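Report on the structure given below.
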Amino acid sequence: MGSYEITLIPGDGIGPEITKATLNIIEATGVDINWDRQIAGMEAMPKHGEPVPKELLDSIERNRIALKGPLTTVVGKGFRSANVTLRKELELYANLRPVKNIPGIKSRYDDIDLVIVRENTEDLYSGIEHVIAPGISQSIKVITAISSARIARWAFNYAQRMGRKKVTAGHKANIMKLSDGLFLDSAGDVSKEFPEIEYNDKIIDNLCMQLVMNPHQFDILLLSNLYGDIVSDLVAGMVGGLGVVPGANIGDKYAVFEAVHGSAPDIAGKNIANPTAMIFSALLMLRHLGEDDAADRIFSAVTRVYEEGKHVTRDIGGEADTTEFAEAVISKMEAPVLDSA
Ligand code: NAI
């Protein structure tokens, strides 16, 4: 097993509360992690004058893996969002969001088992915006063949690795013929390298309707940055909301694991946030490290807490606070499976 050095960004808003709960649960698994704590976003501004300090980037470059809480986007001109900056600087081009029903959480749909693979570095999030004249603003949508093929190949490789059957690309190539057209053509070309995996595409508005009408037809959704951002929240709503869906930003060298949701300023500081999304993001991290036994034990403890229903947070209809939920999870954790060798 050994011990791991991992960068930790607790974040702001509800970040520190859900991070504390998550770390306590990881500690209870016995996996030995030295957390290299770093600040970012608003918290980093007074000390470093920028939302993503060099110390933070150095730490992730050293450790290669980070667990991250949400960061409120710094308001003001001249600063890119810390989240967008981290993804660009570290070339975390694949945003992975597995969305699955959790036993015990009542939701609008049953048997949802979808994976969103979102391109994380370009599209309308490239940050190229300007005012052409008073009253006329322009944002540039950047789509490149290299990044589109890279994310498509990542999605198909993931499908292959995880035994998934189908990839559906979402786009608006009927209107944005050049940009979305390039994304779609790139995905189509890459799909030919993976004949055993079914591939199709859907225009994004139709994809949204079909997700609501008949979500079980989909398996992996391959999306550019903006559509991926929107559709992943839509799909999160199908299984219990933002509080329970994990995420990971993955590149060829580094991986940053984080919940889908933001810093939830409306409930920050009250210890009432649901830490499940961050716990499950940590679970993806443990699997990435090969610590599958610890990940399985966390998953089964969390689902037992939900099935029992006594210690769930308000967003899921319960009354427990963040700390009580985490304590309940720890109390349900089984002992580790010991190697017999
Ligand atoms: P949000 O995800 O923070 O909140 C949306 C709604 O969901 C709120 O009502 C909130 O209370 C609820 N919610 C979110 N997480 C929850 C949890 N764990 N438990 C219970 N309820 C939860 O989105 P919003 O308000 O649009 O963004 C707030 C800030 O977060 C913004 O500055 C935004 O830029 C930033 N943000 C950061 C992200 C990141 O760090 N990866 C991702 C999304 C937004």
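Computed from a predicted model, the values in this text were never measured in an experiment. Every number for a ligand or one of its atoms is a count from 1 in the order of the listing. These values consider heavy atoms only, across backbone and side chains, with no hydrogens, waters or symmetry-generated copies. Along the sequence shown, residues are numbered consecutively beginning with 1.
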Nearest protein heavy-atom contact for atom 8 (C) of ligand 1: which residue, which atom, what distance?
D266 OD2, 3.4 Å
What's the shortest distance from atom 2 (O) of ligand 1 to any protein heavy atom, and which residue and atom give it?
G262 N, 2.7 Å
the protein heavy atom lying closest to atom 31 (C) of ligand 1 turns out to be T73 N, 4.2 Å
Write out the residue and atom name of the closest protein heavy atom to atom 29 (C) of ligand 1, then the distance separating them to 0.1 Å.
S263 OG, 3.2 Å
In this structure, are over 12 heavy atoms from other groups packed under 6.0 Å from K100 atom NZ?
no
As a test of understanding, state which of T22, L23, I33, D36 forms a side chain to side chain contact (heavy atoms under 4.5 Å, CB included) with L8.
L23
Using a 4.0 Å heavy-atom threshold (strictly under), name the region of S81 that reaches ligand 1: side chain, backbone, both or neither.
neither
Is a side-chain N or O of T72 found less than 3.5 angstrom from the main chain of S263, in a donor-acceptor match?
no
If you measure from atom 14 (C) of ligand 1 to every heavy atom of M278, H261, R314, which option wins on shortest distance?
H261
Could you go through the side-chain hydrogen bond (donor to acceptor under 3.5 Å, both in side chains) check for D252 and Y93 one step at a time?
CA-CA 8 Å; D252 292 332; Y93 61 85; 2.7 Å; yes
Within a distance under 4.0 Å of any heavy atom of V260, pick out the atoms of ligand 1 and give their elements.
42 (C)
Distance below 4.0 Å between atom 6 (C) of ligand 1 and any protein heavy atom?
no
Please state which part of K68 comes within less than 4.0 Å of ligand 1, counting heavy atoms only: side chain, backbone, both or neither.
side chain
Contact atoms of ligand 1, heavy-atom distance to N83 under 4.0 Å:
37 (C), 38 (C), 39 (C), 40 (O), 41 (N)
Which ligand 1 atoms, with their elements, are less than 4.0 angstrom from a heavy-atom of P70?
40 (O)
Students should be able to answer this: which protein heavy-atom is nearest to atom 35 (C) of ligand 1, and at what distance?
L71 O, 3.5 Å
What orientation do F156 and F194 show, parallel under 30°, tilted 30 to 60°, or perpendicular over 60°?
parallel
Closest non-hydrogen atom pair between A66 and I6, with its separation:
CA-CG2, 4.1 Å
Test of proximity, P265 against ligand 1: N or O pairs below 3.5 Å:
no
Report the nearest protein non-hydrogen atom to atom 4 (O) of ligand 1: residue, atom name, distance rounded to 0.1 Å.
A264 CA, 4.2 Å
Would you kindly specify which portion of I14 sits under 4.0 Å from ligand 1, judged on non-hydrogen atoms: side chain, backbone, both or neither?
side chain
For atom 21 (N) of ligand 1, what is the nearest protein heavy atom, given as residue, atom name and distance?
I267 CD1, 3.6 Å
Report the part of E258 in contact with ligand 1, treating N, CA, C, O as backbone and CB onward as side chain, heavy atoms under 4.0 Å; options are side chain, backbone, both, neither.
side chain
Is the shortest distance from atom 24 (P) of ligand 1 to a protein heavy atom below 4.0 Å?
no
Should the proximity of T72 to ligand 1, defined as any heavy atom under 4.0 Å, be assigned to the side chain, the backbone, both, or neither?
both
So if I count the atoms of ligand 1 from 1 in the order they appear, which ones are less than 4.0 Å from some heavy atom of N274?
17 (C), 18 (N), 19 (N), 20 (C)
Within a distance of under 4.0 Å, is there any protein heavy atom near atom 19 (N) of ligand 1?
yes
